[in-house]
Structure formats: C-alpha cells, structure tokens
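These notes are about the structure you will find just below.
Just so we're clear, the structure is a prediction, and the values are computed from it rather than from any experiment.
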Amino acid sequence: MDFSALTIDTPATPWTGRNDGDSPAHRRWWQAVGTTGRSSLDATLPGPAALLGFCSDAGVLRNHGRTGAATGPAAIRAALGSLAFHGTRSVSDVGDVVVSGDALEQGQATVGSALTRLLDAGYLTLVLGGGHETAYASYLGVAGTAAVANGARLGVLNLDAHFDLRQAPAPSSGTPFLQMAHAEAAAGRELNYAVVGISEPNNTRALFDTAHSLDVKYLLDEDCSGERTAAFVSSFLETVDIVYLTIDLDVLPAAVAPGVSAPAAYGVPLSVIAAVCRQVAASGKLFHCDVAELNPEFDIDNRTAKVAARLIDTLLR
C-alpha cells in the first residue's frame, strides 16, 4: 500500500539506532521498520503491521489532566527502535497525525480514516498515543471497516485503571468509551466492552453505574492475579470475532509507569499486562491496538516508554 495516499500530517522518516550489523541475526527494530509502505521484510504470515502516531493531549487538557502526551509517539519510537527484532511480521511506520490546539475531533477523524484504509488493506494497525482520546480515534477506524460492516463481532478490551465513560459537555480523554457506546447504538449494535485493571477509588459511583447500565465487563486491579485475568480475557474472547485492544499505561503501577497523565497508586503488575497481550495476540482475533497516555515530560529514566515498547514488541512479534 502506498502510504502517500493517506492523509497524514507528518510523514514517517527512517528510524535510527544502534547498529550491530546488517544481517538478520543483528536486526533491531529501527532496521526492520519501513516507512514507505514497502517493508524491509517480506509480508509473510502473520500479516503486515502498520504504526501510526497520534500526537494529541487535547483530550487530557479537556479532562483537566497533566498534558505532555502529545510527544508520546516520538518517545515510544525511540524506545522501540533499539530493541532487538525477533519477529517475522513486516512492520511499517505511516507517520503522525498531529492535533493542533483544540482541534481534537478533526484529528480523531483523520486517524479513523487512515486506519480504516489500512485495516481494509489487510494491515494489523497500532496507534501510538497520545492521551486516551486516542481510543475514540481508533474506534472510528475500526468501526468503518468492511469487517464490521459485514457483521464481525467487535470486542473492545481496555487495559486501564479507569472506565473512561465520563458524561461531559465535550469529548475528552475521559469519554471515549461512552462515545463508542453511543455510536454503536446509533449503528444498531451494542458495545461489547471489557476492562482489566479498574481502580475502585479512582472511579466514582456514577461511573460504575454507567458501566453497569452498559453491561461493561471489568476486573478490579486488586483482583488481577494471573489466573483470574487469563480466565476473564478468555471468556471475553469467546464472545467476539475481532478485538480492538487499547492499553492505557496508567494501568501499571506508578513505579513501573511513572510517565503517564495519572500515575497509579496500586496498578496491575507488568507480568499480568504482558500476559494479556500475548493471550490476545495468540487468539488470532487481534484486529487493532493502541498504546496511550505516555507522558515523556514526567517519565523517569524512560521507564514508561520502555514498557510501552516492550508491550508493542510482544503484540507484534
């Protein structure tokens, strides 16, 4: 696919990083990622993947959070580029959609349009956020695909400390899943939404009431043992044909992911989150994914960026 046909604010540039050699045995991510639509690897099974950055923290600002997530995509690329590349999947970088000022809805629509074209062309897509307003941009892309139009059962799995079902005058990083529920209802469908890692003290009773009214499946952070989480995800996967997986990095403990808009006092262990990523990828139902809320301004030793890179490597390997 020719990425120049997509509406992108900042086209991808070649990645750089440490060079231990040019042979496949020495390959790192920066050497494996293509930027023109033609990857440096053959598009063998599993199918090709495409990365798209969403440089936005307008939704975080609207939600009265600490801004800085707009620089998240660059930090994730930098952390990912130096990792050893052990996969067989071809991976391409499409570039960035940039939200200027408060033009959030326009940016989300631009991302959605690009994702729909990529998904319909057979790519596994992954968006680098951005605040968690990234989620509604991702949803627009997924909901517009031929797969959904042809009746594929879509499930949205969120790894997050928050429901993000807030009732608000304007869309923000706290509203995307309520927006999805309304959009699905308008399309004559019901949102199949599940969350791993909900922090009870950080979600009001009103948010729990909204979650219950929408039949949201959720697992509290204190209940996220490995076995219980695996069973929860397995049960969810049985109800869907395709999965949109969204990872809000604030699902992790603050010591592991300090560079987020809202650090978690408790959080879900990284080993459990990584296991969920492996489980969803292994199911064969992963359709689209994103990683959101990396805020490099508050990151310590690039810990959060490195965690995001590790999870992406797990999902796309």
Exercise. Check T175 against P171 and note the closest heavy-atom contact, atom names and distance.
Key: OG1-CA, 3.4 Å
Quiz prompt | Pair K285-D241, side-chain contact (heavy atoms from CB on, under 4.5 Å): steps then yes or no | solution = CA-CA 6 Å; K285 297 182 178 182; D241 299 313; 5.6 Å; no
Quiz item: For the residue pair G107 and V99, what are the closest heavy atoms and their distance?
Solution: CA-CG2, 4.1 Å
Quiz item: So do the side chains of Y193 and L214 get within less than 4.5 Å of each other, counting heavy atoms only?
Solution: no
Quiz item: Do D93 and T35 meet the criterion of a side-chain donor-acceptor pair at a distance under 3.5 Å?
Solution: no
Quiz item: With distance as the sole test, does R28 use its side chain to make a donor-acceptor pair with the main-chain N or O of L83 at under 3.5 Å?
Solution: no
Quiz prompt | Gap between atom CZ of R89 and atom CG of L315 - 0.5 Å precision | solution = 9.5 Å
Quiz item: Closest approach of A152 and I242, non-hydrogen atoms and distance?
Solution: CB-CD1, 4.1 Å
Practice problem: Any chance you could measure L128, atom CG, to C55, atom SG, to the nearest 0.5 Å? | Solution: 9.0 Å
Quiz item: Strictly by modelled atom types, are D290 and Y244 linked by a side-chain donor-acceptor pair under 3.5 Å?
Solution: yes
Quiz item: Is the backbone of G21 close enough, under 3.5 Å, to the side chain of Q31 for a donor and an acceptor to pair up by distance?
Solution: yes
Practice problem: Flag the pair W30 / N19 as yes when at least one side-chain heavy-atom distance between them is below 4.5 Å, and no otherwise. | Solution: yes
Quiz item: Counting N and O atoms only, with roles assigned by atom type, does the side chain of Q279 sit under 3.5 Å from a partner on the main chain of A230, one being a donor and the other an acceptor?
Solution: yes
Quiz prompt | H162 and D250 side chains, donor-acceptor separation under 3.5 Å | solution = yes
Self-check item: Non-hydrogen side-chain atoms of T229 and V276 separated by less than 4.5 Å
Solution: yes
Practice problem: Look at the side chain of S235 and the backbone N and O of A231, then say whether any donor-acceptor pair between them is shorter than 3.5 Å. | Solution: no
Quiz prompt | Ion pair check, R62 and D102, cut-off under 4.0 Å | solution = yes
Quiz item: Where do S199 and Y266 land on the side-chain contact (heavy atoms from CB on, under 4.5 Å) test, with the steps shown first?
Solution: CA-CA 8 Å; S199 169; Y266 192 93; 5.9 Å; no
Quiz prompt | Atom pair SG (C277) and CZ (R317), whose distance is rounded to the nearest 0.5 Å | solution = 12.5 Å
Practice problem: Report whether V60 and L159 are members of the same hydrophobic cluster (ILVMFWY, side-chain heavy atoms less than 4.5 Å apart, transitive linking). | Solution: no
Quiz item: Given side chains that start at C-beta, do those of L126 and L52 come closer than 4.5 Å, heavy atoms only?
Solution: no
Quiz item: Quick check: are there more than 12 heavy atoms from other residues, nucleotides or ligands sitting under 6.0 Å from CZ of R303?
Solution: yes
Quiz item: If you look at every heavy atom in G68 and P296, which pair is closest and at what distance?
Solution: O-CD, 3.6 Å
Quiz item: Which distance, rounded to the nearest 0.5 Å, do you find between the CG of L316 and the OG1 of T88?
Solution: 11.0 Å
Exercise. Say whether, by atom type as modelled, one donor and one acceptor occur between the side chain of R66 and the main chain of A262 under 3.5 angstrom.
Key: no
Exercise. May I ask you to decide if T125's main-chain N or O and H288's side chain share a donor-acceptor pair within less than 3.5 Å?
Key: yes
Self-check item: Trace of the side-chain contact (heavy atoms from CB on, under 4.5 Å) decision for V195 with L219
Solution: CA-CA 6 Å; V195 196; L219 197 58; over 6 Å; no
Quiz item: Are the side chains of L249 and V291 in touch, meaning some heavy atoms are under 4.5 Å apart?
Solution: yes
Quiz item: Can you find a heavy atom in the side chain of V91 that is under 4.5 Å from one in the side chain of F85?
Solution: yes
Self-check item: Greater than 12 external heavy atoms within 6.0 Å of H212's NE2
Solution: yes
Practice problem: Look at the side chain of S113 and the backbone N and O of T110, then say whether any donor-acceptor pair between them is shorter than 3.5 Å. | Solution: no
Quiz item: Is a salt bridge present between D20 and R18, judged by a nitrogen-to-oxygen distance below 4.0 Å?
Solution: yes
Practice problem: May I ask whether V251 and I76 are part of the same hydrophobic cluster, defined by side-chain heavy atoms of I, L, V, M, F, W, Y residues being less than 4.5 angstrom apart, directly or through others? | Solution: yes
Self-check item: Under 3.5 Å side-chain donor-acceptor pair for H132 and D160
Solution: yes
Quiz item: Of all heavy-atom pairs between R189 and A143, which one has the smallest distance, and what is that distance?
Solution: NH2-CB, 4.4 Å
Self-check item: Polar contact flag, side-chain donor to acceptor under 3.5 angstrom, E133-S56
Solution: yes
Practice problem: Look at the rings of F3 and Y123 and say which category their plane angle falls in: under 30° parallel, 30 to 60° tilted, over 60° perpendicular. | Solution: tilted
Quiz item: If two hydrophobic side chains count as joined below 4.5 Å and joins carry through other members, does V307 share a cluster with I247?
Solution: yes
Quiz prompt | S172 side, atom OG; D164 side, atom CG - distance, nearest 0.5 Å | solution = 8.0 Å
Quiz item: Is the gap between the ring centers of Y218 and F163 under 6.0 Å?
Solution: yes
Self-check item: Sub-4.5 Å side-chain heavy-atom contact between L140 and L115
Solution: no
Quiz item: Going hydrophobic residue to hydrophobic residue with side-chain gaps under 4.5 angstrom, can you get from V98 over to V94?
Solution: no
Self-check item: Check ion pair R77-D96 (N to O, under 4.0 angstrom)
Solution: yes
Quiz item: side-chain contact (heavy atoms from CB on, under 4.5 Å) with A146: which residues, sequence neighbours excluded?
Solution: D120, N150
Exercise. Take D299 and L294 through the test side-chain contact (heavy atoms from CB on, under 4.5 Å) and record every step on the way to the result.
Key: CA-CA 8 Å; D299 211 357; L294 170 62; 3.9 Å; yes
Practice problem: Looking only at non-hydrogen atoms, find the nearest pair between S261 and E293 and report the distance. | Solution: OG-OE1, 2.5 Å
Self-check item: Any side-chain heavy-atom pair of V196 and C224 under 4.5 Å
Solution: yes
Practice problem: Describe, in one word, how the ring planes of Y139 and Y136 are oriented to each other, choosing from parallel (under 30°), tilted (30 to 60°) and perpendicular (over 60°). | Solution: parallel
Quiz item: Counting distance only, does the side-chain N/O of W15 pair as donor-acceptor with the main-chain N or O of W29 below 3.5 Å?
Solution: no
Quiz item: Checking N295 side chain against T67 main chain: does a donor-acceptor pair fall under 3.5 Å?
Solution: yes
